[in-house]
Amino acid sequence: MQGQALPGFRDFYPGDAALRNQIFGVWRDVAARYGFEEYDGPPLEPLELYTEKSGDEIVGQLYEFEDKGGRRVALRPEMTPTLARMVAARAPALKKPIRWFSMPQLFRYERQQRGRLREHFQLNMDLIGEPGPLADAEIAAAAVDVVRTLGFGPEVVRLRISDRRVVAGLLGHAGVPDGMLSLAYGAIDKIERDPPGVLADRLVAGGLSAAIADRVLAVGRLRGQDALDAALAEVPDGADIAEDLSACVGALADMGLGGFVDLDLSIVRGLAYYTGVVFELFDAGRSLRAICGGGRYDGLLRALGGVDLPAVGFGMGDVVLGELITGAAPAGARAAPLDAFLVAVGSDDVSHVLALAHRLRDAGRRVEYALKAQGLGKQLKLAAARGARRAVIVGPDERARGEVVVRDLTDGGEQQIAVERIEDALANV
RNA sequence: GUGGCUGUAGCUCAAGUGGUUAGAGCGCCGGACUGUGGCUCCGGAGGCUGCGGGUUCAAGUCCCGUCAGCCACCCCA
């Protein structure tokens, strides 16, 4: 075997491309229904766009090199810096809130695993300029509606949602100093992966007492509104810090999406820049990686682009979503069937088939015909294999009468149709 | 970047402890079938057994390296 795609990169054969187009179609459909406008930026960006604010550790995962002009450049690993630049450049002229989405191909030089490649397409939906919880709910609802539109219900997909302000408040009450919040987040983020003893040891090693470490893990185990309310009741201004999260969850319930929502304080998200509501979309069986992740990142636009606008958004990759779809329907997406397969009975009929085929294609019909002289049976076999709904048979006898035979390939019925009415005959399903 | 497992036809997989010409199903091509498809039957093509080296009379099989895939870590999209 020679000549294959680079590790972590994909060849899209027709079946794969069909799946990708299905995903893209749903993404665009949902974005449009939420009033989002599409934007895009360059796949290649200056290296500094990612190193200056995102942290140097990202550089190790960048496809970066020097171009022929001596510039340090990188394939984009995420869309947010580009978005920040574009928004900042025209922020004064843009009506707020800004609803923008994009479907960039992103690149990251990492060792690939299932559901995680070196390249993927990612739906980014961002709502900029609105700090309130209805904006958070709007974004989370859009993420849920993508999987709903694909036919998945709450028994298949779960939205796990939390709020960093709530977690921070509870941790502060538990005795975690501000400087150790990220340490605590790290432990909470791993709460379902690592055993409690390991996590507690890590927290103690980081400088927390054993008692506080236990309380940190207890915060991470909070699930559901009742448990959260009970925990917040012990914090002086507990109700206030959870106001936005409660409002967001309530809004999702008003939308009829409450069945998808799991309040889950173990969701903190790895990225440091999230400041409020955070959420992830998972398959209910938890056999896949996260389908989507997002949250509120007030402050990031100021750091990246210089304009101080609140923002909330999510990213949803095509890889895990594709696995969810193919896992649910192993049959997979089929290529669009033909409206008709044109059959020439004899060699004299070929030129008539060519003329008719072009007429039908101009009329928007999807048609195909045999590209070499073959027997009638052979051509019908090809028609069936191609998934054509009908065969249009052109032979000397019919031509003499100005007609063609339209054969329905699903039930075998045939009828004679005048050539000039063939477009109409193929139009009705 | 670290560690473990796995690489046989386009796909899914076979080939007891090394043994002579690496097989099957599906798919593909052709024929039965030059004015009627799906089914059936018959035939055919398709393999440097991922690649390179080593051990051996003999390697798909054992050893080393390398590349790729999967899994875990790391990191997260």
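Below, chains carry the letters A, B, ... as their sequence lines are ordered, and counting in each starts from 1.
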Taking the [atom1] atom in each of [N] and [M], what is the distance between them to the nearest angstrom?
| N | M | atom1 | value |
| --- | --- | --- | --- |
| B:rC48 | B:rU8 | C1' | 12 Å |
| B:rG44 | B:rU56 | C1' | 38 Å |
| B:rA32 | B:rG38 | P | 14 Å |
| B:rC29 | B:rA9 | C1' | 15 Å |
| B:rG7 | B:rC51 | C1' | 11 Å |
| B:rC5 | B:rC39 | P | 45 Å |
| B:rA59 | B:rG19 | C1' | 10 Å |
| B:rG30 | B:rG46 | P | 16 Å |

For a quick check of understanding: with a heavy-atom distance under 4.0 Å over all strands, which category does [X] fall into, base, sugar-phosphate or nothing?
| X | result |
| --- | --- |
| A:R118 | nothing |
| A:Q122 | sugar-phosphate |
| A:I291 | nothing |
| A:R111 | base |
| A:G186 | nothing |

Has A:R296 got its NZ or CZ under 6.0 Å from the middle of the six-membered ring of A:Y274, at an angle within 45 degrees of the ring axis?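 Because its charged atom misses either the 6.0 Å distance or the 45° angle limit, A:R296 does not stack over A:Y274.
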Tell me, please, whether A:F101 has A:R99 positioned over its six-membered ring: NZ or CZ under 6.0 Å from the ring centre and within 45 degrees of its axis?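 No, A:R99 and A:F101 do not form such a contact.
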Could you tell me how far apart [X] ([atom1]) and [N] ([atom2]) are, to the nearest whole angstrom?
| X | N | atom1 | atom2 | value |
| --- | --- | --- | --- | --- |
| A:R10 | B:rA68 | CZ | C1' | 17 Å |
| A:Q61 | B:rC73 | CD | C1' | 13 Å |
| A:I267 | B:rC76 | CD1 | C1' | 13 Å |
| A:Q113 | B:rU2 | CD | P | 15 Å |
| A:Y185 | B:rC76 | OH | C1' | 18 Å |
| A:F9 | B:rC67 | CZ | P | 18 Å |
| A:R386 | B:rC28 | CZ | P | 10 Å |
| A:R269 | B:rC76 | CZ | P | 10 Å |

Salt bridge check, [Y] against [X]: does any charged N sit closer than 4.0 Å to a carboxylate O?
| X | Y | value |
| --- | --- | --- |
| A:R359 | A:E423 | yes |
| A:R71 | A:E66 | no |
| A:R158 | A:D262 | yes |

I'd like to compare against my own output: the B/S/- annotation of nucleotides 33-38 of chain B with a strict under-4.0 Å heavy-atom distance to protein. --BBBB
Not counting sequence neighbours, list each pair that qualifies as a ring-ring contact (aromatic ring centres under 6.0 Å, His included) and has a residue in residues 120-152 of chain A.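 Applying ring-ring contact (aromatic ring centres under 6.0 Å, His included) to every pair that reaches into residues 120-152 of chain A, excluding sequence neighbours, yields A:F24-A:F121.
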Within-4.5 Å side-chain heavy-atom neighbours: A:M316 and A:W27: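 Side chain of A:M316 against side chain of A:W27, heavy atoms only: contact under 4.5 Å found.
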Pairs flagged by side-chain hydrogen bond (donor to acceptor under 3.5 Å, both in side chains) wherever residues 178-189 of chain A is involved - sequence neighbours left out: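 Output for this query is empty, none listed.
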Dot-bracket, RNA chain B: Watson-Crick or G-U, under 3.5 angstrom, [ ] crossing, | other strand? (((((((..((((.....[...)))).(((((.......))))).....(((((..]....))))))))))))....
Partner residues of A:E368 under the side chain to side chain contact (heavy atoms under 4.5 Å, CB included) criterion, sequence neighbours left out: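 Residues passing side chain to side chain contact (heavy atoms under 4.5 Å, CB included) with A:E368: A:L338, A:F341, A:R386.
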Would you please name every residue forming a side chain to side chain contact (heavy atoms under 4.5 Å, CB included) with A:D264, sequence neighbours left out?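 So A:D264 forms a side chain to side chain contact (heavy atoms under 4.5 Å, CB included) with A:R160, A:E192, A:R223, A:S266, A:I267.
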Could you walk me through whether A:R118 and A:L6 pass side chain to side chain contact (heavy atoms under 4.5 Å, CB included), step by step? CA-CA 9 Å; A:R118 287 179 170 179; A:L6 287 168; over 6 Å; no
